[in-house]
Amino acid sequence: MASITNWVRYMAHKLEYSLTLSLKSHTREKLSDRELLGVVMKNLFYGRITYLHNSIKGQEMAPTMGTNENTLLVRKLPVVDTRYVFIGDAVVLKDPNETNKYIVRRLAATEGSEMVSSDEKDKPFVLEKDQCWVVAENQEMKSKEAYDSRTFGPISMADIVGRAIYCLRTAVDHGPVSNSELAMEEDSPILAVELDVDEMAKDHKA
(Lines give C-alpha, C1' and ligand atoms only; values in the text may rest on other atoms or scores of the structure.)
Protein backbone atom coordinates (compact mmCIF):
# COMPACT_ATOMS: atom_id res chain seq x y z
CA MET A 1 0.00 0.00 0.00
CA ALA A 2 1.29 3.46 -0.93
CA SER A 3 2.43 5.76 1.87
CA ILE A 4 0.80 9.13 2.53
CA THR A 5 3.86 10.84 1.04
CA ASN A 6 3.56 8.82 -2.16
CA TRP A 7 -0.16 9.58 -2.37
CA VAL A 8 0.48 13.31 -2.03
CA ARG A 9 3.21 13.25 -4.68
CA TYR A 10 1.05 11.06 -6.91
CA MET A 11 -1.91 13.44 -6.69
CA ALA A 12 0.40 16.37 -7.51
CA HIS A 13 1.54 14.58 -10.69
CA LYS A 14 -2.03 13.68 -11.52
CA LEU A 15 -3.27 17.24 -11.02
CA GLU A 16 -0.53 18.58 -13.30
CA TYR A 17 -1.40 15.98 -15.94
CA SER A 18 -5.14 16.70 -15.64
CA LEU A 19 -4.69 20.46 -15.89
CA THR A 20 -2.41 20.18 -18.92
CA LEU A 21 -4.81 17.87 -20.78
CA SER A 22 -7.79 20.04 -19.88
CA LEU A 23 -6.10 23.24 -21.07
CA LYS A 24 -5.26 21.51 -24.35
CA SER A 25 -8.94 20.59 -24.73
CA HIS A 26 -9.95 24.14 -23.80
CA THR A 27 -7.65 25.60 -26.47
CA ARG A 28 -8.80 23.13 -29.11
CA GLU A 29 -12.53 22.99 -28.36
CA LYS A 30 -13.14 26.38 -26.67
CA LEU A 31 -14.67 24.85 -23.54
CA SER A 32 -16.69 26.92 -21.10
CA ASP A 33 -15.32 27.37 -17.58
CA ARG A 34 -17.80 24.77 -16.26
CA GLU A 35 -16.86 22.28 -18.97
CA LEU A 36 -13.16 22.89 -18.30
CA LEU A 37 -13.64 22.24 -14.58
CA GLY A 38 -15.57 19.07 -15.40
CA VAL A 39 -12.75 17.74 -17.56
CA VAL A 40 -10.17 18.52 -14.86
CA MET A 41 -12.21 16.71 -12.19
CA LYS A 42 -12.87 13.71 -14.43
CA ASN A 43 -9.18 13.29 -15.27
CA LEU A 44 -8.13 13.90 -11.67
CA PHE A 45 -10.48 11.51 -9.90
CA TYR A 46 -11.26 8.84 -12.49
CA GLY A 47 -8.36 8.80 -14.93
CA ARG A 48 -5.00 7.05 -14.70
CA ILE A 49 -1.64 8.40 -15.77
CA THR A 50 -0.38 5.01 -16.87
CA TYR A 51 -1.54 2.38 -19.34
CA LEU A 52 -0.52 -1.16 -20.28
CA HIS A 53 1.31 -1.76 -23.52
CA ASN A 54 2.04 -5.17 -25.01
CA SER A 55 5.37 -4.85 -26.79
CA ILE A 56 6.36 -7.10 -29.64
CA LYS A 57 9.27 -9.43 -29.06
CA GLY A 58 12.70 -8.36 -30.18
CA GLN A 59 16.31 -8.17 -29.14
CA GLU A 60 16.79 -4.41 -29.41
CA MET A 61 15.86 -3.63 -25.80
CA ALA A 62 17.53 -6.58 -24.04
CA PRO A 63 18.15 -6.97 -21.16
CA THR A 64 15.42 -4.54 -19.98
CA MET A 65 12.90 -6.35 -22.16
CA GLY A 66 12.77 -10.06 -22.92
CA THR A 67 13.10 -11.55 -26.38
CA ASN A 68 9.47 -12.77 -26.20
CA GLU A 69 6.32 -10.72 -25.56
CA ASN A 70 6.61 -8.05 -22.85
CA THR A 71 3.91 -6.17 -20.98
CA LEU A 72 4.90 -2.63 -20.08
CA LEU A 73 3.41 -0.13 -17.67
CA VAL A 74 3.78 3.17 -19.50
CA ARG A 75 3.53 6.62 -17.95
CA LYS A 76 1.58 9.15 -19.98
CA LEU A 77 3.37 12.46 -20.37
CA PRO A 78 1.45 15.78 -20.18
CA VAL A 79 3.87 17.38 -22.64
CA VAL A 80 6.67 15.68 -24.53
CA ASP A 81 9.66 17.92 -24.03
CA THR A 82 12.83 18.01 -21.96
CA ARG A 83 10.86 19.00 -18.83
CA TYR A 84 9.19 15.60 -18.72
CA VAL A 85 11.40 13.16 -20.64
CA PHE A 86 15.13 12.82 -20.08
CA ILE A 87 18.25 11.38 -21.69
CA GLY A 88 18.47 7.68 -20.85
CA ASP A 89 14.72 7.11 -20.54
CA ALA A 90 13.07 4.10 -22.18
CA VAL A 91 10.41 5.76 -24.31
CA VAL A 92 7.48 4.34 -26.25
CA LEU A 93 7.26 5.95 -29.68
CA LYS A 94 5.48 5.61 -32.97
CA ASP A 95 7.35 3.41 -35.42
CA PRO A 96 8.76 5.89 -37.99
CA ASN A 97 7.91 3.52 -40.84
CA GLU A 98 4.61 2.09 -39.53
CA THR A 99 2.79 4.81 -37.60
CA ASN A 100 0.09 2.40 -36.39
CA LYS A 101 2.75 0.45 -34.47
CA TYR A 102 4.92 1.37 -31.51
CA ILE A 103 8.48 0.56 -30.47
CA VAL A 104 10.53 1.11 -27.30
CA ARG A 105 13.98 2.73 -27.43
CA ARG A 106 16.33 4.72 -25.20
CA LEU A 107 16.37 8.50 -25.60
CA ALA A 108 20.00 9.32 -26.41
CA ALA A 109 19.99 12.98 -27.51
CA THR A 110 17.66 15.95 -27.97
CA GLU A 111 17.59 19.19 -29.99
CA GLY A 112 20.88 21.08 -30.19
CA SER A 113 23.04 17.98 -29.73
CA GLU A 114 25.80 17.41 -32.26
CA MET A 115 25.71 13.88 -33.64
CA VAL A 116 29.07 12.45 -34.69
CA SER A 117 29.24 9.06 -36.38
CA SER A 118 31.98 6.50 -35.83
CA ASP A 119 32.02 6.20 -39.63
CA GLU A 120 34.24 8.99 -41.00
CA LYS A 121 32.20 9.02 -44.21
CA ASP A 122 29.21 10.43 -42.30
CA LYS A 123 29.28 14.17 -41.66
CA PRO A 124 28.42 15.47 -38.16
CA PHE A 125 25.08 17.23 -37.82
CA VAL A 126 23.06 18.98 -35.12
CA LEU A 127 19.58 17.84 -34.09
CA GLU A 128 17.02 20.48 -35.03
CA LYS A 129 14.25 21.90 -32.84
CA ASP A 130 11.95 19.20 -31.41
CA GLN A 131 14.10 16.42 -32.87
CA CYS A 132 15.60 13.60 -30.84
CA TRP A 133 17.79 10.54 -31.30
CA VAL A 134 16.77 7.12 -29.97
CA VAL A 135 18.84 3.96 -29.76
CA ALA A 136 18.43 0.28 -29.02
CA GLU A 137 19.69 -0.90 -25.65
CA ASN A 138 21.28 -4.19 -26.71
CA GLN A 139 25.02 -3.51 -26.82
CA GLU A 140 25.69 -6.78 -28.63
CA MET A 141 23.81 -5.70 -31.75
CA LYS A 142 25.68 -3.99 -34.57
CA SER A 143 24.46 -0.52 -35.47
CA LYS A 144 23.22 -1.67 -38.87
CA GLU A 145 21.21 -4.46 -37.23
CA ALA A 146 19.52 -2.27 -34.64
CA TYR A 147 16.27 -0.65 -35.69
CA ASP A 148 16.83 2.81 -34.22
CA SER A 149 17.94 6.34 -35.20
CA ARG A 150 21.15 4.92 -36.63
CA THR A 151 19.01 3.38 -39.37
CA PHE A 152 15.90 5.58 -39.57
CA GLY A 153 17.43 8.89 -38.44
CA PRO A 154 16.14 11.53 -35.99
CA ILE A 155 12.51 11.45 -34.90
CA SER A 156 10.15 14.16 -33.70
CA MET A 157 9.67 14.46 -29.94
CA ALA A 158 5.94 14.50 -30.74
CA ASP A 159 6.21 10.83 -31.77
CA ILE A 160 7.00 9.85 -28.16
CA VAL A 161 3.79 8.72 -26.42
CA GLY A 162 5.10 7.76 -22.97
CA ARG A 163 7.87 6.40 -20.75
CA ALA A 164 8.12 2.71 -19.86
CA ILE A 165 8.33 2.46 -16.06
CA TYR A 166 7.74 -1.26 -15.34
CA CYS A 167 8.28 -4.35 -17.47
CA LEU A 168 6.74 -7.79 -17.07
CA ARG A 169 8.74 -10.27 -19.14
CA THR A 170 7.08 -13.35 -17.63
CA ALA A 171 4.82 -13.93 -14.63
CA VAL A 172 7.91 -14.49 -12.46
CA ASP A 173 10.34 -12.12 -14.19
CA HIS A 174 9.38 -8.48 -13.85
CA GLY A 175 10.53 -5.21 -12.29
CA PRO A 176 10.89 -1.42 -12.65
CA VAL A 177 12.51 -0.14 -15.82
CA SER A 178 15.83 1.60 -15.18
CA ASN A 179 15.43 5.15 -16.47
CA SER A 180 17.23 8.42 -15.80
CA GLU A 181 17.63 9.41 -12.15
CA LEU A 182 15.15 12.27 -12.56
CA ALA A 183 12.56 10.03 -14.17
CA MET A 184 12.95 7.29 -11.55
CA GLU A 185 12.37 9.86 -8.81
CA GLU A 186 9.29 11.32 -10.52
CA ASP A 187 7.80 7.93 -11.37
CA SER A 188 8.22 6.28 -7.96
CA PRO A 189 4.92 7.55 -6.46
CA ILE A 190 3.08 6.61 -9.66
CA LEU A 191 4.43 3.07 -9.42
CA ALA A 192 3.47 2.95 -5.74
CA VAL A 193 -0.16 3.79 -6.54
CA GLU A 194 -0.93 2.49 -10.04
CA LEU A 195 1.26 -0.62 -10.39
CA ASP A 196 -0.79 -3.83 -10.34
CA VAL A 197 1.39 -6.80 -11.27
CA ASP A 198 -1.60 -9.20 -11.24
CA GLU A 199 -3.38 -6.97 -13.79
CA MET A 200 -0.23 -6.91 -15.93
CA ALA A 201 0.05 -10.71 -15.75
CA LYS A 202 -3.57 -11.09 -16.93
CA ASP A 203 -2.86 -8.77 -19.85
CA HIS A 204 0.41 -10.52 -20.68
CA LYS A 205 0.76 -12.56 -23.87
CA ALA A 206 3.20 -15.40 -23.26
- Item | Nonpolar side-chain network containing V126, other nodes, edges under 4.5 Å |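 Listed partners: none, V126 stands alone.
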- Any chance you could pull the hydrophobic cluster mates of L72, using side-chain heavy atoms under 4.5 angstrom and chaining through other members?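 Direct or chained contacts put L72 with Y51, M61, M65, V74, V92, Y102, V104, V161.
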- Test side chain to side chain contact (heavy atoms under 4.5 Å, CB included) applied to F86 and V91, N179, L182, the passing residue: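 The option that passes is L182.
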- Message: Going by the rule side-chain contact (heavy atoms from CB on, under 4.5 Å), which residues pair with T5 if we only count those two or more places apart in sequence or in a different chain?
- Response: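 Listed in chain order: S3, R9.
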- Query: Excluding sequence neighbours, so at least two apart, what forms side-chain contact (heavy atoms from CB on, under 4.5 Å) with P63?
  - Reply: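 Once residues adjacent in sequence are excluded, the partners of P63 under the side-chain contact (heavy atoms from CB on, under 4.5 Å) criterion are E137.
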Would a hydrophobic clustering, with Ile, Leu, Val, Met, Phe, Trp and Tyr connected at side-chain separations under 4.5 Å, put [X] with [Y]?
X	Y	result
V177	I160	no
V85	V135	no
Y17	V8	no
M11	I165	yes

- salt bridge (Lys or Arg N to Asp or Glu O under 4.0 Å) contacts in which one or both residues fall within residues 12-22, not counting sequence neighbours: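 Counting only pairs at least two positions apart or across chains, no salt bridge (Lys or Arg N to Asp or Glu O under 4.0 Å) contact touches residues 12-22.
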- Item | From CA spacing to verdict: side-chain contact (heavy atoms from CB on, under 4.5 Å), I155, C132 | CA-CA 6 Å; I155 66 162; C132 63; 3.4 Å; yes
Identify every side-chain donor-acceptor pair in residues 193-200 under 3.5 Å, counting partners at least two apart or on other chains, and give the distances.
unit_1	atom_1	unit_2	atom_2	d
E194	OE1	I49	N	3.4
E194	OE1	T50	N	3.1
E194	OE1	T50	OG1	2.5
E194	OE2	Y10	OH	2.5
E194	OE2	I49	N	3.1
D196	OD1	D198	N	3.2
D196	OD1	E199	N	3.1

- Contacts of S178 that satisfy side-chain hydrogen bond (donor to acceptor under 3.5 Å, both in side chains) - sequence neighbours left out: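 Counting only residues at least two positions away or on another chain, S178 forms no side-chain hydrogen bond (donor to acceptor under 3.5 Å, both in side chains).
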Going by the rule salt bridge (Lys or Arg N to Asp or Glu O under 4.0 Å), which residues pair with [X] if we only count those two or more places apart in sequence or in a different chain?
X	value
D89	R163
E98	K101
R105	E60

- Which pairs, with at least one residue in residues 108-130 and sequence neighbours excluded, count as a ring pair (Phe, Tyr, Trp, His ring centres under 6.0 Å)?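 Every pair satisfying ring pair (Phe, Tyr, Trp, His ring centres under 6.0 Å) with a residue in residues 108-130: F125-W133.
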- Could you walk me through whether E145 and Q59 pass the side-chain contact (heavy atoms from CB on, under 4.5 Å) test, one step at a time? CA-CA 10 Å; E145 297 174 343; Q59 299 181 353; over 6 Å; no
Under 3.5 Å, side-chain donor or acceptor atoms of residues 107-115 against the rest of the protein: list the pairs with distances, not counting sequence neighbours.
unit_1	atom_1	unit_2	atom_2	d
E111	OE1	D130	N	2.9
S113	OG	T110	O	2.9

- Task: Return the minimal non-hydrogen interatomic distance between R106 and A90, and the atom names on each side.
- Result: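 The pair with the smallest heavy-atom distance is NH1-N, 3.5 Å.
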- Query: Between N70 and N54, do the side chains contain an N or O donor and an N or O acceptor separated by less than 3.5 Å?
  - Reply: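 Absent: no donor and acceptor within the cut-off.
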- Examine the side chains of S117 and R150 and answer whether a donor and an acceptor come within less than 3.5 Å of each other.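 Side-chain D/A pair, S117 to R150: absent.
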- Query: Crowded around K94 NZ? As in, over 12 foreign heavy atoms under 6.0 Å?
  - Reply: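 It does not: K94 NZ has 12 such atoms or fewer within range.
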- Just say parallel, tilted or perpendicular for the rings of F152 and Y147, cut-offs at 30° and 60°.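 Answer is perpendicular, since the angle exceeds 60°.
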